[in-house]
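Take a look at the structure set out below.
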Amino acid sequence: MQIKIRQLPPNIIAKIAAGEVIERPAYAVKELIENSIDAQATRIVIHLEEAGLKKITVTDNGIGMSLKDLMESFKLHTTSKLTTIDDLNHIASLGFRGEALASIAAISNLYIQSRIKKSVGGSFVDISEGKIVDSGSIGMPQGTTVIVSHLFYTVPARKKFLKSQQTEFRHILGILSHSVLSHPEISFVLTHNKKTIFDLPQTTNFRERLAILFGEKIITNLLPVFYQDTLITISGFIGTPQASTIGTKKQFLFVNRRSITDKLFSSVIKDSYETLLMKKTQPVFFLSLSLPFEQVDVNVHPRKEHVRFVDSTTISMVLHKAIAQTLAENNVTFYDETSFGISLGDREITQSYTGRVLKEQTIPWDIRVRDANVTGKEIVQMHNTYLMTQSRFGMLLVDQHAAHERILYEQFLEAFKQKKKNQPQFQLPKPLLIDLSFSDGQLMLEHLPLFADLGFTIEQFKDNTFLVQAIPMLFQDRNIAELVSEMLADLFEERNLKDIDVLSQKLIAYLACRAAVKAGESLTKKQAKDLIEKLEMTNNNATCPHGRPTKMIIDINQLHRMFRRK
């Protein structure tokens, strides 16, 4: 009988492992940096070419490796961080699985040179497709340099799933942000295509790193957190309710200085804000948890992003207590300022420009044949949220926000498709400088043409600082920096975009939502009448761009049945 089950060759096993660990250049960078951190480096320099696809070079001043160690370092499941099975119960290092270098070696050309402190010179190995092609001695300072060339050249199918170089570089910046924040005592240098992106000196001040990565403005909206008991120490910063965002990209959680993703703890942190946050917003936090290593199982995920805890319930309770206590001890009164320093306070939005648009009918609505659902009877606003009137078939109920959102969306979309600036621009009396994080800066560069098509005039001023000169007229009295930040967050959260048209529609839907009248706003009778009439003239008017109903009809026969007339 022919045997069907057989052991895979080592080269195929290595490529399978590489697929789990190194999905994109960012993860190769992550693994190399973590090796440098584990090697006790105080300075790490990263040089990238073409977002790491052409070349990744990581140099550190750590303890280094001998030639004998170099010869073993790139083999699968070889590591200096574990000796016995008991070591798995209290892992203190970032790496331990012995998969990273082996995975990288299987899908690239790999060159490593290293020197230990007591050695006169260093050693090198040159590896191609997982095999040594050359090795020997080399003059160099103490530490290690790893050069990864032509990543994924042995698995070209993997390249097909990668995004543009700008997008891949942005992912690298996101990965680096975690290492830079969790190890401020290490100096980090990053260059891309020979341009210096950042040069961060060693520091003991965590706030300094935050300000450099996310801009000085974020510091004013952060609250320091410190809580300690017999099991756990929690330190770092949480954002005030005003700093909340629509995405999670400003949520950083470290356990024993390891960056992790944990939905339970993220949910606990959000719940700690209780009613201070709007339902669909997310809190900002940069929190570090320290607890005994034996309380954490990091051997869960190939990239070590997820961990398990012996007692997650107790940790959740302590985390909730720390956040709630911090919020209670600080003044978290919400305030809102426009970019020109004018406080909107509790002023009704119908008095702002966006609200007046509906009242004054300044939007050039696309007039079409009416559906004639509305008979022109009296319109009643209920709870400043719903509009009720008589229709031909019974009673018509309209969600004022969803309806206005659909109307604006169709107008914006039509203007965008025709590449016309039907919406007038508002020229700022004084250009506004916006400081972005490194990741957001790349995101903005990537999508500047899209912002221009939507009516914004924005240009790069210097590095991650951008100059806003004009915005769509609808947003003339809004907080521009906040608006741009939220649009970037919306872009960042979309992970499966295939083309610019899908992205454009998503952003246009966001703009429409932000410009539409909100639930809770009082409308005049004329505003209510105009809104319903214009909804009937609008395409696809049954739902808002996000799929919520704009209107519902309660059939007259249903009303008769409710009152037992039938």
Side-chain angles (χ1 to χ4, degrees), residues 90-91 94 174-175 177-179 181-183 206-207 209-210 213-214 218-219 221-301 303-334 437 485-486 489-490 492-493 495:
H90 42 81
I91 295 172
L94 294 176
I175 289 285
S177 297
H178 292 265
S179 296
L181 286 178
S182 59
H183 294 83
F206 184 61
R207 291 171 67 105
R209 282 281 166 97
L210 284 175
L213 288 179
F214 295 96
I218 195 173
I219 301 299
N221 285 314
L222 292 180
L223 306 173
V225 177
F226 185 81
Y227 185 91
Q228 190 172 33
D229 68 7
T230 55
L231 174 70
I232 183 173
T233 299
I234 301 174
S235 61
F237 296 89
I238 59 172
T240 62
Q242 185 176 359
S244 63
T245 65
I246 60 172
T248 58
K249 65 176 181 172
K250 290 181 181 177
Q251 295 184 348
F252 289 75
L253 189 61
F254 306 100
V255 173
N256 294 338
R257 309 190 79 184
R258 179 190 301 277
S259 177
I260 70 162
T261 300
D262 193 289
K263 291 183 178 179
L264 171 62
F265 290 169
S266 296
S267 177
V268 167
I269 294 170
K270 181 174 181 178
D271 290 345
S272 302
Y273 280 75
E274 296 182 345
T275 58
L276 292 173
L277 292 181
M278 292 178 63
K279 186 176 181 180
K280 294 184 179 180
T281 61
Q282 294 289 336
V284 170
F285 57 81
F286 307 90
L287 293 174
S288 179
L289 283 64
S290 298
L291 63 159
F293 291 112
E294 58 268 21
Q295 293 290 317
V296 187
D297 179 8
V298 300
N299 189 24
V300 176
H301 188 275
R303 291 199 301 270
K304 304 166 294 253
E305 294 174 343
H306 304 287
V307 300
R308 291 194 186 102
F309 299 89
V310 173
D311 189 357
S312 58
T313 301
T314 297
I315 297 173
S316 296
M317 291 172 61
V318 173
L319 188 58
H320 184 281
K321 185 175 181 179
I323 304 303
Q325 180 177 298
T326 300
L327 292 169
E329 292 174 350
N330 289 273
N331 181 6
V332 293
T333 303
F334 189 91
S437 67
S485 177
E486 290 184 358
D490 204 53
F492 181 84
E493 289 299 312
R495 304 184 190 278

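Looking at Val318 and Leu289, their side chains never come closer than 4.5 Å, going by heavy atoms from C-beta outward. Proximity of Ile234 to Ser288: side-chain heavy atoms (C-beta onward) are nowhere separated by under 4.5 Å. Side-chain contact between Leu231 and Pro292: present, with at least one pair of heavy atoms (C-beta onward) separated by less than 4.5 Å.
The CG atom of Leu264 lies 4.0 Å from the OG atom of Ser316; values are rounded to the nearest 0.5 Å. Atoms OG1 and NZ, from Thr326 and Lys321 in turn, are 12.0 Å apart once rounded to the nearest 0.5 Å. To the nearest 0.5 angstrom, Leu291 atom CG is 5.5 Å from Ile232 atom CD1. The CZ atom of Phe285 lies 8.5 Å from the CD1 atom of Ile323; values are rounded to the nearest 0.5 Å. Note: Ile238 CD1 to Tyr273 OH = 3.5 Å, rounded to the nearest 0.5 Å. Taking CD1 of Ile175 as the start and OG of Ser259 as the end, the distance is 7.5 Å to the nearest 0.5 Å.
Residue Pro283 comes nearest to Ile269 through the heavy atom pair CG-CG2, 4.3 Å, listed as atom of the first residue, atom of the second, then distance. Nearest heavy-atom pair, Arg209 versus His183, reported as atom, atom and distance to 0.1 Å: NH1-O, 3.4 Å. Of all heavy-atom pairs spanning Asp271 and His320, the tightest one is O-NE2, 4.3 Å. Between Phe265 and Ser312, the shortest heavy-atom distance links the atoms CE2-O, 3.9 Å. Across Ala324 and Ser272, no two heavy atoms sit closer than the pair N-CB, 4.3 Å.
Using modelled atom types, one side-chain atom of Lys270 and one backbone atom of Thr281 make a donor-acceptor pair closer than 3.5 Å. Side-chain N or O atoms of Arg257 include one that pairs as donor or acceptor with a backbone N or O of Ser182 at under 3.5 Å.
A ring-ring contact (aromatic ring centres under 6.0 Å, His included) check over residues 241-263, counting only residues at least two apart or in different chains, returns the pairs His178-Phe252, Phe214-Phe252, Phe252-Phe286.
For the side chain to side chain contact (heavy atoms under 4.5 Å, CB included) criterion with Thr240, the lone passing option out of Val284, Leu327, Leu223 is Leu223.
Every residue meeting the side chain to side chain contact (heavy atoms under 4.5 Å, CB included) condition with Pro224, not counting sequence neighbours, appears here in chain and number order: Phe237.
In this structure, a donor-acceptor pair under 3.5 Å is present between the side chains of Gln228 and Thr233.
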